[in-house]
Amino acid sequence: MSAQGLQFQYWEPRVEKMPRAAIEELQLTRLRAAVDWALRTPFYRERLGKAGIKSGADIRGLSDLRRIPFTTKHDLRDGFPYGFLSIPRDDVLRLHASSGTTGAPTTIYLNAADIDRWSNFVARCIYGTGCTRADVFQNMITYGLFTGGHGFHAGAERVGMLVIPSGPGNTTRQFRLMQDFGTTVLHATPSFLLHVESKMKEEGIARESIQLKKAFAGAEPYSEDTRRRIEGLLHIDVYNSYGLSEMNGPGVAFECQAKAGLHLWEDGYIGEIIDPDTLEPLPDGETGELVLSCLCREASPILRYRTRDLSAFYTEPCVCGRTHRRLRRITGRTDDMLIISGVNVFPSQIEEVVMGMKEVGNNYLIILEKDGALDRLIVKLEVGPDIFMDDARPLNALREKIRRTLQAMITINPRVELVEPGTLPVSEGKAKRVQDNRPRDV
Ligand code: ADP
Ligand code: ZN
């Protein structure tokens with residue numbers, strides 16, 4: 001099948017194009033099994049028991065999912081270290097932990113079957129973007145406890161690509177690897193990809209000396225403008241990759257070649273969008289908090305996990321023919337929201353404005369300070385390589401243009417500071433774009 005001149009390829013066509021009714025039937029069977037696994041953990045024995053669920057057979061239909069209580073990050077932390085382990089420890093092959101972006105990290109365990117299923121989901125994502133065994137894959141993301149490195153490594157090997165386990169950092173070495181081994185596909189955070197592009201220019205690496213075609217970018221929110229920027233600067237296709245350690249890691253939802261939302265692999269996960277205040281389900285198309293149940297992990301089953309990530313389900317079918325529903329690009333977490341002088345602002349709104357301006361460079365920082373009783377928002381931006389820092393007039397005009405556009409978007413009047421390219425801090429993992437210096441008790 002083809003659309004927009006694309007030749008779609010499927011890792012498991014039967015599963016990826018399964019009719020909705022069959023997906024739901026499969027989900028129900030797997031949900032029952034997942035409940036049985038969950039009932040072997042101390043945490044769910046108590047929680048599910050209270051909800052009157054004593055066995056998977058108590059789940060009569062998919063609508064019974066709502067009888068299962070939510071699980072929160074807080075619960076996972078309380079259950080540390082073995083409260084969510086459902087099998088004897090001797091059968092566990094590996095553990096992973098979240099990055100700890102919002103507090104203490106949480107741990108998940110995997111047995112051999114879990115690792116196998118996870119790798120298969122990641123392979124499905126990679127293959128669906130048109131990659132084949134002829135590709136050379138440079139995995140520029142953190143290995144270690146973080147799930148991103150190992151998850152993609154295993155998935156790419158399964159597709160049969162040549163995998164370069166470079167990890168992040170040291171851009172000079174990254175360029176050498178790209179040139180020496182003819183890397184065609186990268187995996188990194190979007191912020192690191194932007195940094196790579198800036199460094200490439202700085203080090204005078206000619207685009208013709210590398211054979212890049214694609215990149216998978218995820219682990220942190222980014223806007224459509226940022227995607228387009230990376231694609232335009234590096235002349236590659238960028239695919240959005242979503243995952244979280246509680247649901248194995250990468251391979252939960254991924255863009256196909258249509259790049260119109262992320263297919264949630266519904267044979268492995270059940271997704272719901274809820275109103276984070278009322279906890280009631282929201283209809284397709286409405287934005288809310290994504291809740292995920294893992295149907296593909298025996299060693300640490302996690303059901304109805306409140307991800308805190310904000311998204312929505314698209315209702316129309318995708319041109320690629322896959323039947324698994326698509327999630328809209330995740331714009332941030334419910335707890336990312338900044339309250340600035342009483343106004344709610346998401347960092348993603350600021351990113352959308354600044355990354356859409358070609359005079360702005362590849363990095364920015366949001367700083368919050370207290371000015372007497374008032375909050376002050378400072379947006380620090382690197383300028384693009386074509387802007388001269390010693391030419392005051394155009395610089396002032398640019399500063400004013402950014403200030404005005406931001407104010408129109410978020411209704412707050414920010415102070416805009418322009419700085420030289422390459423001067424703001426770069427993170428090898430998830431970018432830290434917000435510095436909130438306001439005293440906590442005010
Ligand atoms: P932590 O919760 O400590 O950051 P993880 O390393 O498991 O732990 O990261 C998962 C989180 O990263 C997700 O819940 C989400 O907030 C964010 N994330 C991952 N991929 C994306 C993406 N493509 N777009 C937006 N956010 C993402
Ligand atoms: Zn699709």
Side-chain angles (χ1 to χ4, degrees), residues 1-4 6 8-11 13 16-17 72-74 76-77 96-108 124-125 127-130 141-152 187-191 193 215-224 226-227 238-265 271 289-292 294 302 305-311 314 316-336 346-348 351 427 429-433:
M1 201 190 299
S2 89
Q4 300 152 8
L6 293 171
F8 296 117
Q9 61 182 32
Y10 313 91
W11 184 244
E16 292 173 52
K17 295 191 274 184
T72 63
K73 195 130 191 153
H74 192 79
L76 296 180
R77 285 179 187 142
H96 275 290
S98 69
S99 319
T101 312
T102 57
T106 54
T107 315
I108 54 134
R124 195 192 279 176
C125 300
Y127 194 74
T129 66
I141 212 140
T142 314
Y143 280 69
L145 284 172
F146 177 59
T147 52
H150 291 281
F152 262 91
H187 173 217
T189 57
S191 49
L193 286 173
F216 309 133
E220 63 187 16
Y222 60 113
S223 62
E224 189 57 40
T226 300
R227 182 232 294 272
V238 173
Y239 294 95
N240 196 347
S241 156
Y242 171 76
L244 58 164
S245 59
E246 292 81 2
M247 296 290 127
N248 290 331
V252 175
F254 216 85
E255 283 180 328
C256 66
Q257 285 175 302
K259 291 190 204 159
L262 297 87
H263 289 282
L264 171 73
W265 297 129
E289 178 179 348
L290 177 65
V291 172
L292 289 171
C294 191
I302 298 184
Y305 178 64
R306 289 189 59 185
T307 65
R308 300 187 285 188
D309 292 326
L310 291 167
S311 184
Y314 286 119
E316 324 76 50
C318 185
V319 289
C320 76
R322 288 177 180 86
T323 46
H324 299 239
R325 281 185 303 168
R326 288 166 298 152
L327 288 168
R328 207 196 53 207
R329 168 185 291 284
I330 285 90
T331 43
R333 310 194 197 213
T334 47
D335 41 6
D336 277 347
F346 278 97
S348 56
E351 166 160 338
S427 165
K430 296 172 191 254
K432 291 183 187 65
R433 304 262 199 219

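For this chain, numbers begin at 1 and follow the sequence in order. Ligands are counted one by one from 1 in listed order, and the atoms in each one are counted from 1 as well.
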Would you kindly specify which portion of [X] sits under 4.0 Å from ligand 1, judged on non-hydrogen atoms: side chain, backbone, both or neither?
X: Ser245; result: both
X: Arg333; result: side chain
X: Asn240; result: side chain
X: Asp309; result: side chain

Problem - Nitrogen or oxygen atoms of Ser241 and ligand 1 under 3.5 Å apart - result: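 Yes, Ser241 has an N/O under 3.5 Å of an N/O on ligand 1.
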Practice task
Examine ligand 1 and decide if any of its atoms is less than 4.0 Å from a heavy atom belonging to Lys430.
Solution key: yes
Problem - Whether Arg329 lies under 4.0 Å from ligand 1, heavy atom - result: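 No heavy atom of Arg329 comes that close to ligand 1.
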Exercise for the section: Please state whether the rings of Phe216 and Phe254 are parallel, tilted or perpendicular, taking 30° and 60° as the class boundaries. Expected result: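 Rings of Phe216 and Phe254: perpendicular, as their planes differ by over 60°.
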Practice task
Quick one: sort the Trp265 and His263 rings into parallel, tilted or perpendicular, breaks at 30° and 60°.
Solution key: parallel
In Å, rounded to the nearest 0.5 Å, how long is the span from [atom1] of [X] to [atom2] of [Y]?
X: Lys430; Y: Thr142; atom1: NZ; atom2: OG1; answer: 9.5 Å
X: Asn248; Y: Ile108; atom1: CG; atom2: CD1; answer: 5.5 Å
X: Glu224; Y: Asn240; atom1: CD; atom2: CG; answer: 8.5 Å

Completion exercise
Smallest heavy-atom separation, Ala215 atom then Leu193 atom, equals CB-CD1, 3.9 Å
Exercise for the section: State, to 0.1 Å, how close Ser191 and Arg433 come at their nearest heavy-atom pair, and which atoms those are. Expected result: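 Here Ser191 and Arg433 meet closest at CB-NH2, 3.5 Å.
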When you measure from the side chain of [X] to the backbone N and O of [Y], does any donor-acceptor pair fall under 3.5 Å?
X: Ser98; Y: Thr106; answer: yes
X: Arg306; Y: Glu289; answer: no
X: Glu220; Y: Ala431; answer: yes

Handout entry: Which of the ligand 1 atoms, numbered from 1, are nearer than 4.0 Å to a heavy atom of Gly243
Key =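 Listed by number with element: 10 (C), 13 (C), 19 (C), 20 (N).
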Problem - NZ or CZ of Arg329 within 45° of Tyr222 ring axis and under 6.0 Å - result: yes
So which heavy atom in the protein is nearest [atom], and how far is it from that ligand atom?
atom: atom 24 (N) of ligand 1; value: Glu220 O, 3.3 Å
atom: atom 4 (O) of ligand 1; value: Thr101 OG1, 2.4 Å
atom: atom 17 (C) of ligand 1; value: Ala219 O, 3.6 Å
atom: atom 3 (O) of ligand 1; value: Gly100 N, 2.7 Å
atom: atom 6 (O) of ligand 1; value: Ser99 OG, 2.6 Å
atom: atom 2 (O) of ligand 1; value: Lys73 NZ, 3.0 Å

Exercise for the section: Taking atom types as modelled, find out whether Thr307 and Glu246 have a side-chain donor-acceptor pair closer than 3.5 angstrom. Expected result: no
Practice task
Using a cut-off of 2.8 Å, find all protein N, O or S atoms closer to the Zn ion (ligand 2) than that distance.
Solution key: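 Less than 2.8 Å away from the Zn ion (ligand 2) sit Cys256 SG, His263 NE2, Cys318 SG, Cys320 SG.
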Exercise for the section: Flag the pair His150 / Tyr143 as yes when their ring centroid distance falls below 6.0 Å, and as no otherwise. Expected result: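 When the ring centroids of His150 and Tyr143 are compared, they turn out to be within the sub-6.0 Å range.
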